[in-house]
Number of protein chains: 2
Amino acid sequence: MFPAMRVKIVGLDPHQQYYIAMDIVPVDNKRYRYVYHSSKWMVAGNADSPVPPRVYIHPDSLASGDTWMRQVVSFDKLKLTNNELDDQGHIILHSMHKYQPRVHVIRKDFSSDLSPTKPVPSGEGVKTFSFPETVFTTVTAYQNQQITRLKIDRNPFAKGFRDSGRNRTGLEAIMETYAFWRPPVRTLTFEDFTNMQKQQAQPSVSTHGSYHRPPMLKAS
Amino acid sequence: MFPAMRVKIVGLDPHQQYYIAMDIVPVDNKRYRYVYHSSKWMVAGNADSPVPPRVYIHPDSLASGDTWMRQVVSFDKLKLTNNELDDQGHIILHSMHKYQPRVHVIRKDFSSDLSPTKPVPSGEGVKTFSFPETVFTTVTAYQNQQITRLKIDRNPFAKGFRDSGRNRTGLEAIMETYAFWRPPVRTLTFEDFTNMQKQQAQPSVSTHGSYHRPPMLKAS
DNA sequence: ACATTACCACCTAGGTGGAAAGCT
DNA sequence: AGCTTTCCACCTAGGTGGTAATGT
């Protein structure tokens, strides 16, 4: 998944162990198509039947609150597929649907059975964050030349497609629309976990930067 | 370091956490040179002054006994250098000296301060294994065409130097001398850790395969 | 004389979008 | 017609020994 979600976490108990995981949930029950002349995604019927949900457990799991808070937690190894029979542990999504990634912070002593193929448990000891500006629409081929250009310009692995001599003003115009020229780091805030026993903390969530339009994800 | 040391571990407490680490210690106090006409390493004076010892902590650390025992533990990411000012965390060795790798299994509750730059602690809760057939002589350039050929034939990254059409009988002759046509997996055996409280276990060590001659390691 | 370094071509391994073919 | 798959060139990133230059 590119650009990758990156989060910064504060307020964990430094000595407590946590898993961090991501899943991706449908935004609505619709299927979409892209209409060229209006440059918009339009509803094109009801969603396909749901697929078995999967969870991406961050590879640094299990780690202490201290370890998690000292780094930017990046989900750049998370992979998407539209193959419902996938056996590579990738997250399975339908193409041409809208989705929302969620970040879960799971206290170790709470996670009885965290698994890539089971839904993330919920309750005390699990905090879930989602950022509305990270909603995206899945595709198998890009529908919009501006998205393609952004991918090529931002992703080191697409360097071979860069046209260094091309018009830069057009690019700058895109940057005004798509504000992730650097994929932003989001911040997940907890009340001090020490208080959390008595008082159910209300996590506050702040965001840096925003997607004014959903990035498209190409399934591979 | 190629070929990499690979070990199989049995007899750990499945629920106990362990570090696994490797260090490399001098075999003697001598410096060597290779004599072509006799195809032998000869003593060429006393060893250079020792360098600050370093420890390679296996990247899967910390893990449970269960996790360690389920896999072959490979040290293929361990790197050597002759640069005494190295800041990449590589193990520092003198060229043209003889060395012996050691594998350490360290119970978590025993390791007060395991660090890449501190000697491995010793005592109850730490078991150290070494295999005499893994002694090697360090070089900056290979001294022996047979070693070069083995490296090229066995290391996927050296495929570019393979001469697929060359004489195979010569190669087979080498295989009889150097028995690591596949780098062997060594077995580290513990008495059940559950007994270890009362009775100081005497680890028994078994080896599969052997180096009849030391492999040379090229510093990079 | 011999050991070491710097740079190189050549690999492994894997992440990109393009183009053409295939599917529905 | 629109979406998906397959294969490809082109990258990043990094592990090989060879070779020529450089120490010592």
Side-chain angles (χ1 to χ4, degrees), chain A residues 1-4 31-37 41-42 44-45 48 74-86 88 90 93-97 137-164 215-220, chain B residues 1-4 31-37 41-42 44-45 48 74-86 88 90 93-97 137-164 215-220:
Chain A
M1 184 158 91
F2 185 91
R31 175 177 240 281
Y32 288 82
R33 67 188 181 90
Y34 191 75
V35 181
Y36 272 98
H37 68 80
W41 288 99
M42 309 283 285
D48 300 346
S74 175
F75 293 86
D76 54 354
K77 293 284 191 283
L78 185 155
K79 294 187 183 180
L80 308 177
T81 181
N82 61 351
N83 176 8
E84 302 192 15
L85 305 175
D86 174 84
Q88 307 297 301
H90 300 164
L93 302 178
H94 286 129
S95 187
M96 314 304 276
H97 291 239
T137 308
T138 47
V139 298
T140 58
Y142 296 137
Q143 306 289 311
N144 180 326
Q145 182 56 42
Q146 291 155 316
I147 288 289
T148 305
R149 210 180 287 174
L150 272 168
K151 301 270 191 173
I152 290 173
D153 285 334
R154 293 300 302 154
N155 192 323
F157 293 110
K159 204 175 189 177
F161 298 100
R162 286 185 198 160
D163 177 7
S164 54
M216 292 190 289
L217 296 187
K218 186 168 180 181
S220 64
Chain B
M1 185 157 92
F2 185 90
R31 175 174 238 283
Y32 288 82
R33 66 186 182 91
Y34 191 75
V35 181
Y36 272 99
H37 67 79
W41 288 98
M42 310 283 286
D48 299 347
S74 175
F75 292 86
D76 54 355
K77 293 284 192 281
L78 186 153
K79 295 188 182 178
L80 307 177
T81 182
N82 60 349
N83 176 8
E84 303 192 14
L85 305 175
D86 174 83
Q88 307 297 302
H90 300 165
L93 302 178
H94 286 129
S95 187
M96 314 304 275
H97 288 56
T137 308
T138 47
V139 297
T140 59
Y142 297 136
Q143 306 290 313
N144 179 326
Q145 182 56 43
Q146 291 155 317
I147 288 288
T148 305
R149 209 181 286 175
L150 272 168
K151 301 270 192 174
I152 290 173
D153 285 335
R154 294 298 302 155
N155 192 324
F157 294 110
K159 204 175 190 178
F161 298 100
R162 285 187 198 158
D163 176 8
S164 53
M216 292 189 291
L217 297 186
K218 186 169 180 179
S220 65

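The chains referred to below are lettered A, B, ... by the order of the sequence lines, with proteins before strands, and numbering in each begins at 1.
D/dT4 atom P lies 6 Å from atom CE of A/M96, rounded to whole Å. Atom CZ in A/R162 sits about 17 Å away from atom P in C/dG15, given to the nearest Å. Straight-line distance from the CG atom of A/L80 to the P atom of D/dT4: 14 Å, rounded to whole Å. Between the P atom of D/dG2 and the OH atom of A/Y36 lies a distance of 8 Å, rounded to the nearest Å. Across the protein-nucleic acid pair, B/Q145 atom CD and D/dT19 atom P stand 10 Å apart, rounded to whole Å. Atom CZ in B/F2 sits roughly 9 Å away from atom P in D/dG17 (whole-Å rounding). At whole-Å resolution of the value, CG in A/L93 and C1' in D/dT4 are 16 Å apart. Between the CG atom of B/N155 and the C1' atom of D/dG18 there is a distance of 15 Å, given to the nearest Å.
Ranking C/dG18, C/dA3, D/dT4 by closeness to the A/N82 side chain, first place goes to D/dT4.
B/R31 meets the salt bridge (Lys or Arg N to Asp or Glu O under 4.0 Å) test with B/D48; sequence neighbours excluded. Every residue was checked against the ring pair (Phe, Tyr, Trp, His ring centres under 6.0 Å) condition with A/Y32, not counting sequence neighbours, and none meets it. For B/H90, there are no ring pair (Phe, Tyr, Trp, His ring centres under 6.0 Å) partners two or more places apart in sequence or in a different chain. Residues satisfying the ring pair (Phe, Tyr, Trp, His ring centres under 6.0 Å) test with A/F161, not counting sequence neighbours, are none.
Contact annotation: A/Q143 does not reach the phosphate of D/dG2 (side-chain N/O to OP1 or OP2, under 4.0 Å). Proximity of B/S95 to the phosphate of C/dT4: a side-chain N or O atom is located under 4.0 Å from OP1 or OP2. For A/N83 and D/dT5, the shortest distance from a side-chain N or O to OP1 or OP2 is not below 4.0 Å.
In this structure the side chain of A/Q145 reaches within 4.5 angstrom of the side chain of A/T148, judged on heavy atoms. Side-chain contact check for A/N82 versus A/T140: some heavy-atom pair is nearer than 4.5 Å. Counting heavy atoms from C-beta on, the side chains of A/R149 and A/Q146 never come closer than 4.5 Å. Using a 4.5 Å heavy-atom threshold, the side chains of A/M1 and A/F75 count as separate.
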B/S/- contact track for nucleotides 9-14 of chain C, protein heavy atom under 4.0 Å
-SSB-B
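Between the axis at the start and the axis at the end of the helix from C/dA1-D/dT24 to C/dT24-D/dA1 there is an angle of 0°, using five pairs per end and rounding to 10 degrees.
Ring geometry, B/H94 versus B/H97: the interplanar angle falls from 30° to 60°, so the pair is classed tilted.
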